[in-house]
There are 2 protein chains.
Amino acid sequence: MTQDRNRGVDDPARLRGIVRDIPQATVARLPVYLRALHELAERRVGTVASQVLARAAGVSPAKLRKDLSCLGSYGTRGVGYDVATLAEQIARQLGLTQDWPVVIVGVGKLGQALANYAGFADRGFRVVGLLDADPARVGQIVAGSVVRPATELERVVAEHGVCIGVLATPAGSAQRMCDRLVAAGVSSILNFAPVVLSVPDGVDVRKVDLSLELQILAFHEQRKDAVRRAAGVLGAMRA
Amino acid sequence: MTQDRNRGVDDPARLRGIVRDIPQATVARLPVYLRALHELAERRVGTVASQVLARAAGVSPAKLRKDLSCLGSYGTRGVGYDVATLAEQIARQLGLTQDWPVVIVGVGKLGQALANYAGFADRGFRVVGLLDADPARVGQIVAGSVVRPATELERVVAEHGVCIGVLATPAGSAQRMCDRLVAAGVSSILNFAPVVLSVPDGVDVRKVDLSLELQILAFHEQRKDAVRRAAGVLGAMRA
DNA sequence: CGGCCTTTGTGAAGGAAGGCACAAAGCGAG
DNA sequence: CTCGCTTTGTGCCTTCCTTCACAAAGGCCG
């Protein structure tokens, strides 16, 4: 108690929860922790030690603790973290306590998968518009919403105050649609099209490249192959 | 010529092309460079300076040059890089000069999008099996192939010597299917299911989390919001 | 052939992230 | 109340990545 009262407003642990100085790498892991915490909560787990949570999230306990310490001091020494409290704090930091209206531009197979993806709705992302330039797709019902023509992009964005857009168009039209999203007021874009988008300052773009990851796997697989071959040759020489 | 002959086998620039000591961060960017190079090649560009290529790939020229220097010395000072040569070297390093048979497990909307994705075939990834546990999906034609029952997983993997598997199942069955892939001999897995997979040593897993990226965007968006609000308050105070 | 201009390749410095190890802090038993 | 056990939070060190700045190297022109 005495110590607590001695903790001034400039106490590092407290301040860290207010000012935002969270490393990029940590931000990228918070959603993983959040998912693990939700799973624990479903299993009626009340508190969890860093070791257990770290295993569930696929990271080392030290990294987990350091990450969580960026949010403030929400653990109890000798016990662990309260699952519900920690989940709420992470959600708050990530901005998931509010609803985010989102438009999806491009409703091919990928766009449909995204529109149906439960992980979006669970985290407060509400799809308020499905847009496609292809007349054949306009009017179709996807994930309970009707696909609207791309011409309505500006109207949908303005109507719902959308600031996050998802691009799932072919490569050819991605930059054009991106420009229109930005002009309409969108300031964060999740890009699934295989192009490098150029956007003005102040707009965040994150890219998900389906084939990039596969190419990285191929690199490592080839390496393993080479090692196996080398081992084989050495084995033959030894024999 | 004289200099070239003086370059021994342990010349650093040469060796780097042989021994593999490429930083992870660099490996992750090579596919981006490769895509940019292919685009340049299509536009009949013969040589490209680091500055231009860097802009096309969305990185800084210095980073690009350092990355490329890991592969060896394939640029010409005062001129730039030969587009075709460089593309070939990158493809070789990534292991894209060979064909990689791939199975896709889970043929929902996402699995279908992946099966149809041109970026796979272009890079030497050949989908040799579409597998799904849902009888309603088995027998459907997706991307020119018939969807086969999940029970045939082991047979397909063995038949084609598959070592890369793509998981696009619901969260619930991902670990089970992962275990079967590994048992059947797959040693690299691209996981789209929102779970942390556990695999034995020697197996590589890469995870693509569709909602993770959106959550990171929300974090930054919230920050921008906070800054805007703070600026607004300050502005009001000044007035 | 020689000088100039362009562009690469890379050492060195700066910064971010990861891992170790331990002190501080809480809980529960005695 | 005290002791001992458990687990967090964090300072320090190491490693990896990025950026800067410049020497070395090649082409081009006179």
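Within every chain, numbering begins at 1; the chains are lettered A, B, ... in the order of the sequence lines, protein sequences first and strands thereafter. As a basis for the values below, the full set of heavy atoms in this structure was taken, side chains included, without hydrogen atoms, waters or symmetry mates.
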Next item on the list: Let me know the distance between CG of A/D67 and C1' of C/dG18, rounded to the nearest Å.
Entry: 10 Å
Item checked: B/E88 atom CD, over 12 foreign heavy atoms within 6.0 Å -> no
Next item on the list: Take atom CG of B/D21 and atom C1' of D/dT15, then tell me their distance rounded to the nearest Å.
Entry: 13 Å
Note to self: Checking side-chain polar atoms at under 3.5 Å, does B/R123 have a donor or acceptor matched by the opposite partner on A/S211?
What the structure shows: no
Note to self: How many whole angstroms separate atom NZ of A/K63 from atom P of D/dT10?
What the structure shows: 19 Å
Check: In whole angstroms, how far is the C1' atom of D/dG9 from the CG atom of A/L86?
Finding: 14 Å
Next item on the list: Take A/S50 and A/R65 through the test side-chain hydrogen bond (donor to acceptor under 3.5 Å, both in side chains) and record every step on the way to the result.
Entry: CA-CA 7 Å; A/S50 66; A/R65 289 203 301 276; 3.1 Å; yes
Check: Do we see a donor-acceptor contact under 3.5 Å between the side chains of A/D67 and A/T26?
Finding: yes
Notebook entry, point to check: Nearest-Å distance, NZ (A/K66) to C1' (D/dT7)?
Noted result: 17 Å
Margin query: Looking at A/Q98, I'd like to know if its CD atom is crowded, meaning that more than 12 non-hydrogen atoms belonging to other residues, nucleotides or ligands lie closer than 6.0 Å.
Written below: yes
Check: If you look at every strand shown and take non-hydrogen atoms under 4.0 Å, does B/T26 touch a base, only sugar-phosphate, or nothing?
Finding: nothing
Checklist line | Rounded distance (Å) that lies between atom P of C/dC27 and atom CG of A/D82 | finding: 13 Å
Check: Taking atom C1' of C/dT10 as reference, at what distance in whole Å does atom CG of B/L64 sit?
Finding: 14 Å
Notebook entry, point to check: Quick one: A/Q24 CD to D/dC16 C1', roughly how many Å, whole number?
Noted result: 17 Å
Notebook entry, point to check: When you look at CD of B/Q175, are more than 12 heavy atoms from neighbouring residues, nucleotides or ligands closer to it than 6.0 Å?
Noted result: yes
Checklist line | Heavy-atom protein contacts under 4.0 Å, nucleotides 2-7 of chain C, coded B base, S sugar-phosphate only, - none | finding: ----BB
